[in-house]
Amino acid sequence: MQLPREVIVGDKTLDLVWDICRRLGFSESVFVITGPSTFRIAGKRAVDSLADAGVNTDHLIVSSSTMWDVRAAEGRIHEVKPQVVLGIGGGTKIDVAKLSSARQGVPFISVPTTASHDGIASPVASIKGLHKPYSIMAQSPMAIIADTHVIAQAAHRLVASGCGDVLSKFTAVNDWRLAHDLKNEYYGDYAASLALMSAMLVVRNAEIIRPGAEEGVRIVLEALISCGVATSIAGSSRPCSGSAHLFSHALDVIAPNPALHGEQCGVGAVMMSYLHELNWRQLRTTLRKVGAPTTAEELGIEPKFIVQALVEAQSIRPERYTILEERRLDSKSAERLARATGIIK
Ligand SMILES: [Zn+2]
């Protein structure tokens, strides 16, 4: 079990990058992976402060998270031989940094600039394949440095998406329990409880998760980080990724213009909660409160793709037993489900 050694969440924590690197013993050489706009927002500040402190600092700018990007990053890490790799940015940069550093046997520090999904703290990297993204076990970040001030400046849509990802843990844990009861799959109560606690945290604090509110951003970050830790403890994404995630992955394949990962997971979780006979109305209300989409229209996805994704979701990852395997929706029952929960009109 690999867990982060330092988790720093707060205002202006970006200024602490050098301190944290030094504390962890990385005071000689650091390699930074960042994106074109995140370099301006946060990457440059970190690179400059490390260089000013006399650290050998190199950086690479990536704009997507394909295997090609990972290999390019690996090449640079192999050449520079840094003590640590910092991933500074939203999802894609952190994914590239996480996987390329793991493959080169170098520790990794996560410096998220958005709170849009739990990849900022989990050991899993999501890499874009030819037709669909796929998940690879990489490594847990050795530290997470999340600057709430920087993250609160980003579009609120990203924070709301993070809430959707966290809320989908309600159904992920129930899918996991189902797989344990019916398929004798390993089930870890501690990891499951941690994922559920994170989801409850968002439900309880939905009122303060508002555009520009740093306090709300902090709650979402803490919840996302706990989810990442739950994945590390379980040794698989089981506590965090179930039927709602399969639905989101299916939309990524089917829909011409998919929405954000967490937005799709949130909508998926409303429908999967209905199937699991959980409190799907409370989940939908929470999504509305935080400003996340709760209908196909708000997702910007045509109803027919919602129905198709429900039907095809389980086939995206057949070995992951979920409520969808039990119910085996056809297009009629899928449409009924989407209508009953108000996702389509
Ligand atoms: Zn997710």
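Counting starts at 1 for both ligands and their atoms, following the listed order. Worth saying up front: this structure is predicted, and the values here are computed from it rather than measured.
Of all the N, O or S atoms in His245, the one closest to the Zn ion (ligand 1) is NE2.
Asp165 lies close to the Zn ion (ligand 1), since one of its N, O or S atoms is found at a distance under 2.8 Å. Taking 2.8 Å as the threshold, His261 counts as a candidate ligand of the Zn ion (ligand 1), since one of its N, O or S atoms lies below it.
Between Arg320 and Asp175 there is no salt bridge, since no side-chain N of the basic residue sits under 4.0 Å from a carboxylate O of the acidic one. Using a 4.0 Å cut-off between a side-chain N of Lys or Arg and a carboxylate O of Asp or Glu, Asp147 and Lys12 do not qualify as a salt bridge.
His249 places none of its side-chain heavy atoms less than 4.5 Å from the side chain of Arg317.
Taking the six-membered ring where the residue is Trp, His245 and His261 present perpendicular rings, their angle passing 60° and hence far from 30°.
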